[in-house]
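Below, read A as the first sequence line, B as the second, and so on, with proteins coming before strands; counting in each chain starts at 1.
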2 protein chains.
Amino acid sequence: MAASRNVTIADIARHVGMTNITVSRALNRPEMVRQATRERIEQAALELGYVPNAFARGLKRSDSRLIGVVTASLDNPFYAEMIKAISRHAKQHDYAIMLFDTDGDAHLESMAIDTLLSYQAAGIILSPVSDEPDYRPDYLPRLRASGIAVVQLDRTLHDSGFSAVVLDNLWAGERVARYLLTHAFACDRRTGDDRLLVVAGPEHSRITCERLEGIRDALAGQADGVAIDVLWGDYTLAPAAEAVGDYLKCHGVPRAIFGLNQLITLGALKALQQAGIAWDQTRVIGIDRLPYLDIFDITVPCVVHDGYHAGAQALEQLLAQMRDPQAASRTLTVRGELLT
Amino acid sequence: MAASRNVTIADIARHVGMTNITVSRALNRPEMVRQATRERIEQAALELGYVPNAFARGLKRSDSRLIGVVTASLDNPFYAEMIKAISRHAKQHDYAIMLFDTDGDAHLESMAIDTLLSYQAAGIILSPVSDEPDYRPDYLPRLRASGIAVVQLDRTLHDSGFSAVVLDNLWAGERVARYLLTHAFACDRRTGDDRLLVVAGPEHSRITCERLEGIRDALAGQADGVAIDVLWGDYTLAPAAEAVGDYLKCHGVPRAIFGLNQLITLGALKALQQAGIAWDQTRVIGIDRLPYLDIFDITVPCVVHDGYHAGAQALEQLLAQMRDPQAASRTLTVRGELLT
DNA sequence: CTGTTAGCGCCTTCAC
DNA sequence: GTGAAGGCGCTAACAG
């Protein structure tokens with residue numbers, strides 16, 4: 001029994017013998033309407049099965065209760081967690097979420113932004129497909145001109161000027177390196193052929209660069225003779241596994257392996273397994289938690305970041321900016337924690 | 001530099017010396033406009049940074065390019081996978097996704113449906129907070145009356161009449177039970193005190209009931225003397241872990257433990273660990289894959305379901321129903337596969 | 001407290 | 001191929 005025509009406030013108005021505006025007010029600003037009138041209207045709305053038309057309202061008021069979330073990967077549990085936080089907090093402020101999974105495709109990202117612009121999104125949380133400096137999406141001028149509040153999350157666009165919530169990647173790199181310094185590369189254990197294999201993201205990715213810089217900073221002067229080998233990748237599992245597999249064949253097992261995110265670390269572990277090397281034959285350490293392994297008494301030390309917190313922060317920042325569009329953009333840095 | 005006012009087709013029209021309608025046509029039905037005119041208009045649109053107003057369009061045409069997805073848990077990787085599939089396919093058909101994570105809260109679910117109605121969603125994929133027969137959400141009449149296409153995914157509302165994509169739970173239960181019959185409860189191994197512990201969802205959950213029924217069917221007459229103990233839960237990890245922990249204290253280690261979903265199985269394994277019992281001291285088997293454990297040579301047999309496929313099916317079904325609102329509702333069943 | 005008027009941006013209908 | 005008028009449903013602004 002499909003509704004032939006949607007019931008509008010005009011229908012309600014006719015039904016109770018009032019005009020549209022009174023109905024509109026009764027439903028939206030109850031205090032502006034006499035109690036009795038209001039009750040009759042509410043009653044009628046219920047009976048007729050009235051559903052407000054968000055398009056009409058949006059058109060009239062030219063603002064929306066929509067927040068756009070644009071992300072490159074729903075797969076990544078870290079992103080799933082952030083999205084969960086965003087969704088939960090957005091709801092509390094009566095915003096609905098429009099979610100776009102760009103799947104790493106810049107064109108889809110651009111279309112997502114356009115759709116959000118056309119829906120007059122109140123704000124956008126953006127985690128772009130790439131954080132390399134030469135990625136200059138074509139939507140940037142449009143997005144800027146729109147005046148919509150934007151907060152970048154984790155990944156950022158080079159020089160975009162938008163606010164951001166990012167991880168303390170430098171610290172994470174340093175922290176891991178310092179850990180390795182005492183546990184894998186202590187002076188008294190040097191053999192002269194100590195290698196640290198870092199399995200990274202794209203070579204020019206900001207996040208990768210920062211993490212690498214942290215490593216180099218921490219090791220500088222402290223670890224003579226320790227060679228750092230870097231394998232570039234794209235933050236996903238399969239390429240990391242393959243690259244590490246090849247490395248193992250050519251160079252044997254390094255003293256330690258550092259995976260720059262969860263999927264990379266898992267990929268490295270997979271390569272070890274496939275090479276018939278037990279995961280505890282070398283020191284594997286990563287960024288991001290490997291889920292549920294504690295249940296099997298497997299501990300891979302890692303720097304964990306609170307994705308839920310990061311997501312919540314991003315939404316807070318977004319709301320702040322929506323309230324005050326003039327406010328200067330801010331970058332919030334979330335620091336992780338080493339778990340051993 | 002916030003946009004003072006959005007640029008509309010009227011602005012473009014003025015800019016090129018035409019009227020609104022011509023601009024509208026040039027942008028939406030290019031074939032109805034002379035080539036030269038169209039090019040001038042497209043050029044102007046680009047220059048002025050024109051963004052169509054989805055609200056105005058939606059208001060006029062009273063249909064939208066929005067598909068609503070309402071789910072109880074983004075956490076569950078199985079749902080994340082389904083959402084990924086939905087999102088990817090929706091995009092291909094030029095639909096945007098409005099995502100609602102109800103977090104298990106019936107009230108939020110109701111609000112989500114109302115929001116989708118008010119946005120004139122073209123269709124809704126619904127995985128409600130509960131699939132128990134006494135859950136009768138208040139939005140049901142409104143949703144029915146709206147005539148919007150609805151496809152339920154995994155969880156279903158009792159007697160709702162909407163289409164659905166569900167798992168073959170009966171089969172999954174049977175399959176696991178048959179496996180246990182040969183691997184844990186083979187005749188020649190009976191000790192007279194053989195117990196199968198099933199860690200389930202809510203007692204009246206359809207999914208739980210079906211899976212249990214499958215177990216009982218398969219075991220009927222085949223496993224005299226095998227006692228089935230059932231622990232009820234809510235499909236999440238912590239309660240399952242606690243319940244299994246208590247059980248182990250009271251009854252010792254059963255011959256086999258069957259977790260009715262991923263999180264439950266992990267909870268059971270956690271309880272074993274906390275009780276100081278190695279995970280391979282008993283036969284643990286589950287529904288849903290335990291991710292990444294193969295990397296550590298841990299194999300917990302399980303029935304896996306293709307969440308991506310299920311999500312894709314749900315969207316296909318939804319599109320079919322949007323095309324033909326008269327079509328009878330259908331229930332699609334997705335069968336899993338035993339992985340040992 | 002309630003009503004009148006008008007218009008948000010777009011597109012359908014009918015004319016030219 | 002192009003234009004003029006009107007209305008989708010709702011709500012600001014100004015009456016009364």
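Residue B:Thr8 places no side-chain N or O under 4.0 Å from the OP1 or OP2 atom of C:dG9. Distances shown here put a side-chain N or O of A:Thr37 below 4.0 Å from the OP1 or OP2 atom of C:dT2. Residue B:Arg61 places no side-chain N or O under 4.0 Å from the OP1 or OP2 atom of D:dC8. Contact annotation: A:Ser24 reaches the phosphate of D:dT11 (side-chain N/O to OP1 or OP2, under 4.0 Å). The side chain of A:Thr22 places an N or O atom within less than 4.0 Å of a non-bridging phosphate oxygen (OP1 or OP2) of C:dG3. Neither OP1 nor OP2 of D:dG9 sits under 4.0 Å from any side-chain N or O of A:Asn20. Between A:Arg57 and D:dG9, a side-chain N or O to OP1/OP2 separation shorter than 4.0 Å is absent. Proximity of B:Tyr50 to the phosphate of C:dC10: a side-chain N or O atom is located under 4.0 Å from OP1 or OP2. Proximity of B:Asn53 to the phosphate of C:dC8: no side-chain N or O atom is located under 4.0 Å from OP1 or OP2.
One distance of note links CZ of B:Arg57 with CZ of B:Arg61; it measures 6.0 Å at 0.5 Å rounding. The distance from atom OG of A:Ser118 to atom CE of A:Met111, rounded to the nearest 0.5 Å, is 11.0 Å.
Taking atom CD1 on B:Ile41 and atom P on D:dT2, their separation rounds to 8 Å, with Å as the unit. Spacing between atom CZ of B:Phe55 and atom C1' of D:dC8 amounts to 15 Å, rounded to whole angstrom units. Atoms CD (A:Gln120) and P (C:dG9) sit 8 Å apart, rounded to a whole Å. Note: NZ (A:Lys60) to P (C:dT5) measures 15 Å, nearest angstrom. One can place CD1 of A:Ile9 at 10 Å from P of D:dG9, the figure rounded to the nearest angstrom. Put simply, CZ on A:Arg14 is 16 Å from C1' on C:dG3, counting in whole angstrom units. Atom pair A:Asn28:CG and D:dA12:C1' shows a separation of 13 Å (rounding to whole Å applied). Distance A:Arg65 CZ to D:dC10 C1': 17 Å, rounded to the nearest Å.
Comparing atom distances between the B:Ile21 side chain and each of C:dG3, D:dT11, D:dA4 picks out D:dA4 as nearest. Checked against C:dG3, D:dC10, D:dT2, the side chain of B:Arg34 finds its nearest nucleotide in D:dT2. Nearest to the side chain of B:Leu59, among D:dA13, C:dG7, D:dC8, sits D:dC8. Checking C:dC11, C:dG7, C:dT2 against the side-chain heavy atoms of A:Arg25 singles out C:dT2 as nearest.
Inter-residue side-chain proximity for B:Met322 and B:Tyr95 is flagged as met; some heavy-atom pair is nearer than 4.5 Å. Between A:Gln120 and A:Asp63 there is no side-chain heavy-atom pair separated by less than 4.5 Å.
Put simply, the side chain of B:Arg38 and the base of D:dG1 share no donor and acceptor less than 3.5 Å apart.
A salt bridge is defined here as a Lys NZ or Arg NE, NH1 or NH2 lying under 4.0 Å from an Asp or Glu carboxylate O, and B:Arg88 with A:Asp101 fails to meet this definition. Taking a cutoff of 4.0 Å between a charged side-chain nitrogen and a carboxylate oxygen, B:Arg142 and B:Asp114 qualify as a salt bridge.
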